[in-house]
Amino acid sequence: GMVIDMFEFNAENSVLPKLKNTPHSRLIFDPKAGLYQMPDTPPNSLIPRQIFQTWKTKDVAQMDRPMRRWVKSWKVQNPNYDLRFFDDADCLDFVTRCHPRHLATYLALTAVERTDLWRYLVILTNGGFYTDADTICKRPLSDWVHSEDQAIIGIDGDYLDKFPSWQPQGHVRSGGAYNFDLWWHDNIVAFSNWTFAACPGHPILAEVIRRIEINVTDPFFVERAPDWTIKKTGPGVLTDVLYDWLHDRGCRAEDIVRDLRQKRAVVIDGVRFVDRPAFHWREVRHFGMGSWKPPSIVVKWRKFSRYWS
């Protein structure tokens with residue numbers, strides 16, 4: 001049958017539609033039927049009760065002992081959620097079937113960048129939670145996710161006090177600011193992409209994917225900063241989108257993050273922004289064992305961490 005790309009409803013413009021006016025905000029794409037359908041969720045919950053994770057293999061024997069426990073924590077804490085684990089082959093199959101328009105870009109990316117693009121595509125299509133395989137679920141999602149939440153976003157970094165007078169030195173083609181004069185090159189606020197949630201078809205994710213397509217051929221990333229994965233496909237591009245999304249709603253990302261030093265959550269137009277502890281150690285513990293980390297850090301961490309057992 002005809003394949004409809006999830007991307008089409010957010011056509012080639014960078015203006016993020018307000019979710020409440022987006023007719024597709026609760027529709028999912030069924031590749032078999034070739035049409036959009038309502039997600040199978042509890043009638044009172046906008047974010048479907050499913051958790052997506054990925055790692056290079058589903059073979060438990062190849063996982064370090066702690067990773068087995070980390071992945072299991074999501075199942076144990078959330079028995080009412082479906083856990084959907086994808087290996088590299090599953091991810092490629094998903095992009096090929098559901099998002100053929102993005103397949104060429106997906107194949108041009110490094111392994112780490114592919115998992116970035118896949119996580120945005122899989123949540124855009126299905127809705128639910130994405131979380132890295134190196135995270136532990138500390139509190140059941142049903143304890144703190146609200147039925148009216150349309151997306152949930154956490155804080156990666158807060159550099160407001162370190163760089164109070166930060167100004168952009170330039171902008172990448174897709175719109176994000178940078179400053180190479182400082183040791184911290186990116187926005188002074190960073191939102192996390194190791195754990196996030198959204199309802200199907202959320203325009204924030206559609207916009208992130210649109211920008212990644214631009215970043216892949218941007219001379220800035222091809223020639224000047226080819227290794228800046230964080231900005232190209234990772235939390236950096238998600239942050240760039242959220243800066244603009246908040247600005248469109250009369251808010252500043254810096255003010256939201258400053259506010260979240262005192263509060264646990266701030267809700268803007270259906271998006272729940274949670275404070276920095278939420279996805280660092282309180283609701284979710286993040287170990288940051290990404291494959292881009294230098295081995296020395298991983299070895300040191302294994303040696304001293306009580307979690308490595």
Side-chain angles (χ1 to χ4, degrees), residues 3-8 28-32 34 39 47-64 67-68 70-72 74-75 81-135 137 151 192-202 204-216 221 229-238 241 284 286-293:
V3 174
I4 305 167
D5 196 291
M6 273 300 292
F7 208 48
E8 280 174 1
I28 57 169
F29 174 65
D30 176 4
K32 292 190 196 75
I47 297 174
R49 290 186 181 170
Q50 49 192 0
I51 299 158
F52 290 86
Q53 291 188 292
T54 182
W55 202 53
K56 59 189 175 190
T57 172
K58 283 187 278 202
D59 178 9
V60 177
Q62 289 190 44
M63 292 183 186
D64 283 314
M67 185 179 272
R68 289 178 221 170
W70 301 341
V71 170
K72 191 179 171 189
W74 288 90
K75 193 78 193 150
Y81 276 68
D82 290 332
L83 192 61
R84 303 182 188 277
F85 201 91
F86 284 56
D87 61 18
D88 289 353
D90 296 328
C91 292
L92 177 59
D93 177 62
F94 167 79
V95 177
T96 306
R97 280 188 310 109
C98 299
H99 295 277
R101 184 188 296 191
H102 303 297
L103 182 59
T105 293
Y106 183 80
L107 294 172
L109 298 171
T110 66
V112 175
E113 292 165 352
R114 285 183 185 188
T115 67
D116 280 333
L117 178 55
W118 171 81
R119 73 188 68 181
Y120 306 129
L121 286 168
V122 84
I123 300 300
L124 179 76
T125 308
N126 300 288
F129 265 83
Y130 167 81
T131 192
D132 276 0
D134 62 351
T135 58
C137 185
S192 155
N193 84 336
W194 67 70
T195 302
F196 64 88
C199 62
H202 200 289
I204 285 173
L205 297 179
E207 175 64 4
V208 170
I209 294 156
R210 190 190 75 86
R211 293 193 188 200
I212 289 174
E213 286 283 353
I214 295 169
N215 291 348
V216 167
F221 289 108
T229 292
I230 287 172
K231 185 72 161 178
K232 181 179 169 188
T233 60
V237 65
L238 174 63
V241 169
V284 176
H286 179 236
F287 291 106
M289 302 307 290
S291 47
W292 46 269
K293 285 274 169 76

Could you go through the side-chain contact (heavy atoms from CB on, under 4.5 Å) check for Thr131 and Gln53 one step at a time?
CA-CA 6 Å; Thr131 192; Gln53 291 188 292; 3.5 Å; yes
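One N or O on the side chain of Arg119 and one on the backbone of Asn193 form a donor-acceptor pair closer than 3.5 Å. With hydrogens and angles ignored, the 3.5 Å screen pairs no side-chain donor or acceptor of Asp132 with any backbone N or O of Asp134. Side-chain N or O atoms of Thr54 include one that pairs as donor or acceptor with a backbone N or O of Phe86 at under 3.5 Å. In this structure, the side chain of Arg68 engages the main chain of Met63 through a donor-acceptor pair within 3.5 Å.
For the atom pair Lys56 NZ and Thr115 OG1, the distance stands at 12.5 Å (nearest 0.5 Å). Separating the CD1 atom in Ile212 from the OG1 atom in Thr105 is a distance of 9.0 Å, to the nearest 0.5 Å.
Checked against the 6.0 Å centroid criterion, the rings of Phe196 and Tyr130 qualify as a close aromatic pair.
Remark: the Ser192 side chain and the His286 side chain contain no N/O donor-acceptor pair separated by less than 3.5 Å.
Ring pair Phe129/Trp74 is tilted by interplanar angle, where 30° to 60° counts as tilted.
Within 6.0 Å of NZ in Lys75 there are more than 12 heavy atoms belonging to other residues, nucleotides or ligands.
Here Asp88 does not pair with Arg114 in a salt bridge; the nearest charged N to carboxylate O distance is not below 4.0 Å. One finds a salt bridge joining Arg210 and Glu207 here, because a Lys/Arg side-chain nitrogen approaches an Asp/Glu carboxylate oxygen to under 4.0 Å.
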